[in-house]
Amino acid sequence: MVPEIIILAMVAAFLGLRLYSVLGRRAEQEEEPVPQRFESEDKPPVRTAPMPAPVAPPRMVELEGVMPAVERALREIAAADSQFNLAQFLDGAKGAYRMILEAFWSGDRETLRDLCDSDVYAGFTAAIDAREAAGETLANSLIRIEEVRIHSASLDGRTARIALLFVADIAAVTRDKDGNVIAGSLDDAIESRDVWTFSRNTTSRDPNWVLDETDEG
């Protein structure tokens, strides 16, 4: 009997040690604090998509020195025509200024018809006709455009009009029918100041502006 009791006691002790080794470790693990989401080293923190930076409203160009009424008119034109870009308009106006002058000097009526409205075109062609009737020719040259400044602007219904002051250096020579110089000199450029007004129907599919008025600056 005694040996059997001893053997049973040893088995019970062995089983007790096994249970403690399992249950005791599990209890210790359950007592450990649960790591917070931002303290876990095993899991990377959840990344949220960055908020997009606020988009600044589109601006035309700096309008330094422009009267408030003119600035309001330019913004009305931009609101009426989503494709209007003042910087591009000014670049295009510079190109048109050169093309129209050179077309007038050379008598290129086709180019003038494309870039001018009917009234301005009529004025240019009348001057060309008179010059040709007298047998005179022009040998003018646009040396440089010194300055382009916004003079005025308006939106009348669907018609946008912007007047620009052009300050340019021009060498001008007029020759008679025999080729003799009767006015001007190519060696001395003179300053020219012109106020040209360009217009466009803001609902038109044609993006081009036309010259509809000329004046001295």
Side-chain angles (χ1 to χ4, degrees), residues 61 65-67 70 73-74 77 84-156 158-202 204-217:
V61 293
V66 175
M67 297 293 291
V70 176
L74 291 173
I77 294 171
F84 177 72
N85 181 293
L86 184 55
Q88 293 178 0
F89 169 80
L90 293 174
D91 286 340
K94 290 179 184 179
Y97 181 74
R98 178 181 294 275
M99 291 176 64
I100 292 171
L101 285 180
E102 292 177 349
F104 172 68
W105 295 335
S106 65
D108 182 356
R109 293 173 176 81
E110 291 300 321
T111 297
L112 292 174
R113 183 181 288 109
D114 291 338
L115 299 177
C116 306
D117 76 350
S118 57
D119 291 338
V120 174
Y121 173 75
F124 278 141
T125 54
I128 293 172
D129 291 342
R131 190 175 69 219
E132 291 177 347
E136 297 174 351
T137 57
L138 298 179
N140 296 359
S141 176
L142 176 61
I143 306 302
R144 69 181 62 85
I145 299 175
E146 296 285 357
E147 182 182 3
V148 179
R149 186 190 313 162
I150 300 172
H151 184 269
S152 64
S154 65
L155 179 64
D156 184 9
R158 299 176 178 179
T159 303
R161 301 178 82 243
I162 302 177
L164 301 176
L165 170 63
F166 293 90
V167 180
D169 293 332
I170 296 176
V173 171
T174 303
R175 300 180 184 274
D176 62 17
K177 60 182 179 180
D178 298 322
N180 300 315
V181 176
I182 58 176
S185 171
L186 286 177
D187 297 329
D188 297 321
I190 60 174
E191 182 182 87
S192 175
R193 300 174 68 89
D194 299 304
V195 176
W196 284 14
T197 303
F198 297 89
S199 66
R200 178 179 178 272
N201 185 328
T202 56
S204 173
R205 293 184 178 181
D206 184 357
N208 295 319
W209 293 65
V210 296
L211 177 64
D212 77 355
E213 187 176 342
T214 62
D215 201 356
E216 293 183 358

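Note that the structure is a prediction, hence the values are computed from the model and not measured. Throughout, residue positions are numbered sequentially from 1 according to the sequence presented.
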- prompt: Parallel, tilted or perpendicular for Phe166 and Phe198, by the 30°/60° rule?
  reply: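 Aromatic pair Phe166/Phe198 classed perpendicular.
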query: Asn140 side chain to Val173 main-chain N or O, any donor-acceptor pair under 3.5 Å?
result: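 Yes; judged by distance alone, with no hydrogens or angles, the pair exists.
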query: Does Asp176 use its side chain to pair, donor to acceptor, with the backbone of Asp178 at less than 3.5 Å?
result: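 Indeed, once roles are kept as given, a pair shorter than 3.5 Å links the two residues.
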Looking at [X] and [Y], what are the two nearest heavy atoms and their distance?
| X | Y | result |
| --- | --- | --- |
| Asp114 | Val210 | O-CG1, 4.3 Å |
| Ser152 | Val70 | CA-CG2, 4.1 Å |
| Ala87 | Asn85 | N-OD1, 3.1 Å |
| Phe104 | Arg131 | O-NH2, 2.8 Å |
| Ala139 | Arg175 | CB-NE, 4.4 Å |
| Ser199 | Thr159 | CB-CG2, 4.4 Å |

Answer whether the closest heavy-atom distance between the side chains of [X] and [Y] falls below 4.5 Å.
| X | Y | answer |
| --- | --- | --- |
| Phe89 | Ile150 | no |
| Trp196 | His151 | no |
| Asp108 | Met99 | no |
| Glu136 | Leu138 | no |
| Leu115 | Phe124 | no |
| Val167 | Leu165 | yes |
| Ile100 | Val120 | no |
| Leu74 | Ile162 | yes |

message: More than 12 heavy atoms of other residues, nucleotides or ligands under 6.0 Å from CD of Glu191: yes or no?
response: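 Above 12, so yes.
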Which value, rounded to the nearest 0.5 Å, describes the distance between [X] atom [atom1] and [Y] atom [atom2]?
| X | Y | atom1 | atom2 | value |
| --- | --- | --- | --- | --- |
| Leu112 | Ser106 | CG | OG | 7.5 Å |
| Thr174 | Asn180 | OG1 | CG | 12.5 Å |
| Glu102 | Ser141 | CD | OG | 7.5 Å |
| Glu147 | Lys94 | CD | NZ | 10.0 Å |
| Leu142 | Arg98 | CG | CZ | 4.0 Å |
| Leu211 | Thr197 | CG | OG1 | 7.5 Å |

- prompt: Do Ser204 and Asn201 have side-chain atoms, one donor and one acceptor, less than 3.5 Å apart?
  reply: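 Absent: no donor and acceptor within the cut-off.
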query: Looking at Asp117, Asp156, Asp212, which one forms a salt bridge (Lys or Arg N to Asp or Glu O under 4.0 Å) with Arg161?
result: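 Exactly one candidate clears the test, Asp212.
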task: Check the pair Leu164 / Tyr97 against side-chain contact (heavy atoms from CB on, under 4.5 Å), numbers first and verdict last.
output: CA-CA 10 Å; Leu164 301 176; Tyr97 181 74; over 6 Å; no
